[in-house]
Amino acid sequence: ISICRDLPNIEVITFSVNGISDLEPLTQCQNLSELYLRKNNITSLNELFHLKGLPRLRVLWLAENPCCGQDPHHYRMTVLRNLPGLQKLDNQAVTEEELSQALVDGVEITAPTARRHVENGWAESTESSAAGSTAEPGSELLSSGLEETNKMQEELDMKPVPRDKYSSFSPRETDCNRKKRNNVLNAILLLVKELDAEGLEIIQQTVVRRLQAFQKKELQEE
């Protein structure tokens, strides 16, 4: 997620199922309009402090994070009190009545989550991420990754990724490897939007050479 510090013009970010716990890098994304953070390790709603300065944020998906707690009403009211510009939260439209009620039932967040020592934070993040990857079923991880990848494809006016292509992993590949590949694909699609014509031509030439190398290797194996 630290790459976001270098992407001030990015508009859509999908980081679901990634073991993320810190939203501070997103403070630089002033053009961000849609943010998908479902199933991460965000433990405190204080992390919303880092999103309060994003004027164009309209869609947020934060469900299935520890910070959602056991009280859905308190969670939703607190999010809307601190991010009143949202039009959709967790795939549910935000109403004017909710925004008014949030001023009463929601809690105002005035400071970010306190951070521990860097080494401790890294260890905790690593452990929780590993636990999440073990508990996350491969089919569910694949489904969420495909859904969000195709959303980005639509944003770029590209054809959706067929499920058989997206899920073409060998049986020996672990969920961790699958997750890594999906994340790389999503990151590339996000970065493509930041490139100009010259940059896209370089990417195109590189991709063509890469594909030719794969085709040559396949022919040799045959």
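Predicted model, so just to flag it, every value in this text is computed and none were measured. Computation of the quantities below employed the complete heavy-atom set of this structure, encompassing side-chain atoms and omitting hydrogens, waters and symmetry-equivalent molecules.
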S.K.: Would L211 and L200 show up in the same hydrophobic cluster when neighbours are defined by side-chain heavy atoms closer than 4.5 Å?
M.R.: yes
S.K.: Going through the distances and angles, do D105 and R81 end up as a side-chain contact (heavy atoms from CB on, under 4.5 Å)?
M.R.: CA-CA 8 Å; D105 296 346; R81 174 162 183 171; over 6 Å; no
S.K.: Between D22 and H50, is a side-chain contact (heavy atoms from CB on, under 4.5 Å) present by the stated rule, with each step listed?
M.R.: CA-CA 9 Å; D22 178 12; H50 300 300; 4.2 Å; yes
S.K.: Roughly how far, to the nearest 0.5 Å, is the CG atom of L51 from the OG1 atom of T27?
M.R.: 9.5 Å
S.K.: Using the rule given for side-chain contact (heavy atoms from CB on, under 4.5 Å), can you reason through L32 versus R56, listing the C-alpha separation, both sets of side-chain angles and the distance that settles it, and then say yes or no?
M.R.: CA-CA 6 Å; L32 188 62; R56 300 185 179 182; over 6 Å; no
S.K.: Would you name the heavy atoms of L7 and C29 that are closest together and state the gap between them?
M.R.: O-SG, 3.8 Å
S.K.: Over all heavy atoms of both residues, which pair between P55 and R58 is shortest? Give the atoms and the distance, please.
M.R.: O-NH1, 3.1 Å
S.K.: Which heavy atom of C4 sits nearest to which heavy atom of F15, and what is that distance?
M.R.: SG-CE1, 3.6 Å
S.K.: Look at atom CD of Q204 and say whether more than 12 heavy atoms of other residues, nucleotides or ligands are closer to it than 6.0 Å.
M.R.: no
S.K.: Please report the interatomic distance CD1(I42) to CG(L62), rounded to the nearest 0.5 Å.
M.R.: 5.0 Å
S.K.: Taking the side chain as every heavy atom from C-beta outward, state whether V79 and L48 have any pair of such atoms under 4.5 Å apart.
M.R.: yes
S.K.: Please report the shortest heavy-atom distance between A93 and E98, naming the atom on each side.
M.R.: O-OE1, 3.7 Å
S.K.: S21 and N41: which non-hydrogen atoms are nearest, and at how many Å?
M.R.: CB-O, 3.4 Å
S.K.: Does a sphere of radius 6.0 Å around CD1 in I3 hold more than 12 heavy atoms from other residues, nucleotides or ligands, not counting ones at 6.0 Å or beyond?
M.R.: no
S.K.: CD1/I13 to CG/L37 distance, rounded to the nearest 0.5 angstrom?
M.R.: 8.0 Å
S.K.: Can E47 and T113 be counted as having a side-chain donor-acceptor contact under 3.5 angstrom?
M.R.: yes
S.K.: After noting the C-alpha distance and the side-chain angles of Y36 and V12, does the key distance pass the side-chain contact (heavy atoms from CB on, under 4.5 Å) rule?
M.R.: CA-CA 8 Å; Y36 300 91; V12 179; 4.1 Å; yes
S.K.: Within the 4.5 Å heavy-atom criterion, are D90 and R38 side-chain neighbours or not?
M.R.: no
S.K.: Starting at CG of L57, measure out to NZ of K52 and round the result to the nearest 0.5 Å.
M.R.: 13.0 Å
S.K.: Going by atom types alone, do N9 and N31 pair a side-chain donor with an acceptor below 3.5 Å?
M.R.: yes
S.K.: How close do N82 and V107 get, counting heavy atoms only, and between which atoms?
M.R.: ND2-O, 2.8 Å
S.K.: Would you compute the distance between atom CE of M77 and atom CG of L89 and round it to the nearest 0.5 angstrom?
M.R.: 9.0 Å
S.K.: Distance from N65 atom CG to T43 atom OG1, nearest 0.5 Å?
M.R.: 9.0 Å
S.K.: Got Q30 and L54 here, is their nearest side-chain heavy-atom distance under 4.5 Å?
M.R.: yes
S.K.: Is there a side-chain contact between I1 and E24 in this structure, where contact means two heavy atoms from C-beta onward sitting under 4.5 Å apart?
M.R.: no
S.K.: Test of understanding: clusters of I, L, V, M, F, W, Y form through side-chain heavy atoms closer than 4.5 Å, transitively. Do L103 and L99 belong to the same one?
M.R.: no
